[in-house]
Amino acid sequence: MEEMTHNELLAIRRQKLNAIREANIDPYGARFETTGTPGLIRAEFVEGLKVRTAGRITAHRNMGKSHFIDLSDISGRIQVYINSKEIGPDAAAIFDHLDIGDFIGVDGETFTTKTGEPSIKATTFTVLSKSLRPLPDKWHGVQDTEIKYRQRYLDLIANPESLEIFKKRIAIVREIRRFLEDRAFIEVETPMMQSIPGGAAAQPFETHHNALGVDLFLRIAPELYLKRLLVGGFNKVFELNRNFRNEGISRRHNPEFTMLEAYWAYADFEQMASLVEEMVCHVAEKICGSLLIEHRNTDGNVVKTIDLSRPWRRTSYSDLIRGVAPNWYEFTIDQRREWCAEHKIDVTHCHEDFELTQHVFEKLVEEKTMNPLFVTHCPKELVPLAKLNSSNPSVVDVYELVINGQEISPGYSELNDPDLQRERLEHQSGGETQKLDEEFLTALEYGMPPAGGIGIGIDRLVMMLTGAESIRDVILFPQMRPKATQH
RNA sequence: GGGUUGGUAGCUCAAUGGUAGAGCAGCGCCCUUUUAAGGCGUUGGUUGCGGGUUCGAGUCCCGCCCAACCCA
């Protein structure tokens with residue numbers, strides 16, 4: 001608690017805190033009603049208006065008897081003009097004990113300075129919270145990634161571009177909900193703690209319920225519960241919430257991530273593809289104002305432009321493989337390995353033939369695809385929960401949407417034949433398999449309507465739409481190794 | 001898990017193996033329309049942690065911790 005009181009900067013702030021208390025003022029304030037946020041007052045600026053606002057002091061320009069401070073919150077900032085004569089000597093003495101970082105409330109009248117800055121001339125101010133630690137550099141912000149992620153609040157205060165990404169994320173999620181609700185999809189919540197983690201092939205987090213005396217798993221997908229709702233009569237349903245996968249952490253993976261899943265009874269994967277296409281374009285136009293999404297580097301130069309213009313390409317998996325390896329499907333497995341070696345694709349960890357093909361797909365198609373591409377009719381081994389194609393039963397009626405070199409969204413014609421579903425789950429091959437959820441199969445036996453389903457990785461969608469290079473830049477509090485506790 | 005790079009003042013960054021520095025913030029003084037305000041002065045460091053080599057280590061070597069990137 002009283003760590004580092006020897007630090008001069010912290011000690012000075014505590015002295016100021018005490019000085020405020022000695023003047024019989026509570027440095028931690030109370031209820032304070034405003035006529036608007038700093039950003040709102042600035043955005044809807046009218047001169048000569050009595051206003052009341054509150055925010056954090058983020059800049060201080062001291063002119064001797066007059067001071068200019070910036071008051072900020074996520075809405076933006078407004079300049080406040082503080083004149084000793086105007087506020088009186090007692091208040092001026094308190095003002096001397098304020099710092100950048102403190103929260104204050106201000107009463108005053110709006111005016112425009114001679115440099116044209118919309119401002120508030122303060123008549124009084126109220127101390128709302130004393131900040132005991134100095135804020136990061138106002139000009140360079142927080143560069144240290146560790147501080148950005150562990151102490152996101154500092155990143156949000158000091159780095160406007162970070163705040164901008166999170167504002168966009170919030171708007172994207174809101175637009176997606178609106179889009180689906182406008183089309184009569186109903187949002188539901190299904191269990192995050194499951195006794196059989198189904199709906200995907202991934203390592204789950206394990207936990208334990210004391211009263212029931214059973215082990216439970218954090219869900220890796222909501223799919224099997226949403227399908228139970230199709231059985232129960234919901235015909236347009238979605239869930240937009242967190243999944244958990246106990247796997248590696250990388251630029252593109254966080255252990256908990258946000259997924260949209262939506263199911264539409266009597267539809268198929270082609271209709272789901274159109275729905276997703278329409279939805280992503282709707283969101284892009286609303287939030288980015290364009291279907292051309294520019295990704296910039298730290299210098300602000302455009303390094304990549306993603307073109308979301310419709311219609312989006314739809315191409316079968318096998319055609320895409322032939323596009324990069326024309327004779328692939330005529331090759332023997334040994335020839336395929338040889339081909340991979342020639343093209344410097346490491347497939348030593350691939351055992352099954354379809355895994356080999358999938359690896360070629362990931363390296364030569366997925367990673368190189370920037371504009372939207374619906375990859376249709378994937379090998380059935382990759383997708384045990386989808387309907388087989390009626391004319392080619394080695395593939396399934398699905399799409400995988402690839403944008404920005406990443407898988408953004410899968411969509412299926414959902415498998416609703418309970419016997420076939422059992423067989424497909426029991427005869428999975430390859431390294432990753434899904435668990436068998438008997439209660440889900442029982443539900444299917446009661447009858448599930450044919451349906452289309454989609455999943456959309458919200459974090460990756462936000463990365464694509466904001467140009468964020470790392471998933472940590474679109475998750476407010478990304479997973480970090482806990483810091484060793486000090487003692 | 002493996003490889004690469006990095007960790008220096010509150011923040012952003014410097015410093016051939018040879019006295020640890022700058023800008024901003026802070027503190028003091030001047031200034032009643034500034035906006036990265038300005039001017040003058042000034043404080044602030046167990047260089048991530050622990051060992052080692054050396055007359056001498058922020059710098060070289062070993063181990064550990066944390067992070068970023070790449071690979072699995």
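Just so it is clear, the values below take in all heavy atoms, side chains as well, and ignore hydrogens, waters and symmetry mates. Reminder, nothing fancy here: chain letters follow the sequence lines and each chain counts from 1.
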Assess whether one donor atom and one acceptor atom, taken from the side chain of A:Tyr81 and the base of B:U35, lie less than 3.5 Å apart.
-> no

Pairs satisfying salt bridge (charged side-chain N to carboxylate O under 4.0 Å, His left out), at least one member in residues 323-339 of chain A, at least two apart = A:Arg336-A:Asp353

Which residue, A:Lys65 or A:Pro134, contacts RNA chain B at a nucleotide closer to its 5' end, judged by nearest heavy atom?
-> A:Pro134

Where the side chain of A:Ile147 is defined as all heavy atoms beyond and including C-beta, which of B:A68, B:U34, B:C11 is the nearest nucleotide?
-> B:C11

Taking a pair to mean Watson-Crick or G-U wobble geometry with both distances below 3.5 Å, B:C69 pairs with B:G3

Any A:Arg61 side-chain N or O less than 4.0 Å from OP1/OP2 of B:U34 | no

What's touching nucleotides 26-28 of chain B from the protein side, N or O pairs under 3.5 Å?
unit_1	atom_1	unit_2	atom_2	d
B:C27	OP1	A:Lys16	NZ	2.4

Does B:G28 have a Watson-Crick or wobble partner in any strand here, with both distances under 3.5 angstrom, and which is it?
-> B:C40

Would you list the pairs meeting side-chain hydrogen bond (donor to acceptor under 3.5 Å, both in side chains) in which at least one residue belongs to residues 25-39 of chain A, sequence neighbours left out?
-> A:Arg31-A:Glu33, A:Thr37-A:Ser75

Do A:Ser66 side-chain and B:U33 base share a donor-acceptor contact under 3.5 Å?
-> no

Between A:Phe354 and A:His359, is the ring centre distance below 6.0 Å?
-> no

Please check the phosphate of B:A68 (OP1 and OP2 only) for any side-chain N or O of A:Arg472 closer than 4.0 Å.
-> yes

Give one of base, sugar-phosphate or nothing for A:Glu117, where a contact means two heavy atoms less than 4.0 Å apart.
-> base

From the list B:U34, B:A67, B:C13, which nucleotide is the closest neighbour of the side chain of A:Arg481?
-> B:A67

Name the closest nucleotide to the A:Gln79 side chain, picking from B:U33, B:A72, B:U34.
-> B:U34

Can you list every pair that meets salt bridge (charged side-chain N to carboxylate O under 4.0 Å, His left out) and has a residue in residues 135-153 of chain A, with sequence neighbours left out?
-> A:Glu146-A:Arg150, A:Glu146-A:Lys483, A:Lys148-A:Asp155, A:Arg152-A:Asp155

Proximity of A:Phe68 and A:Tyr81 rings by center, below 6.0 Å | yes

Centroid-to-centroid, A:Phe205 to A:Phe217, below 6.0 Å?
-> no

Does A:Phe111 have A:Lys121 sitting over its ring (NZ/CZ under 6.0 Å from centre, angle to axis within 45°)?
-> yes

So, does the side chain of A:Asp137 form a donor-acceptor pair with the base of B:G23 at under 3.5 Å?
-> yes

Quick one: ring pair (Phe, Tyr, Trp, His ring centres under 6.0 Å) pairs with a partner in residues 127-152 of chain A, sequence neighbours left out?
-> none

Aromatic A:Phe32 / basic A:Arg52 pairing, under 6.0 angstrom, 45° off normal = yes

Can a side chain N or O of A:Asn62 be found less than 4.0 Å away from OP1 or OP2 on B:A37?
-> no

Short N/O separations, protein against nucleotides 3-8 of chain B, under 3.5 angstrom:
none

If the P atom of B:U59 is compared with that of B:A9, how far apart are they to the nearest Å?
-> 15 Å

Look at A:Lys138 and B:A25 and indicate whether a side-chain polar atom (N or O) is within less than 4.0 Å of OP1 or OP2.
-> yes

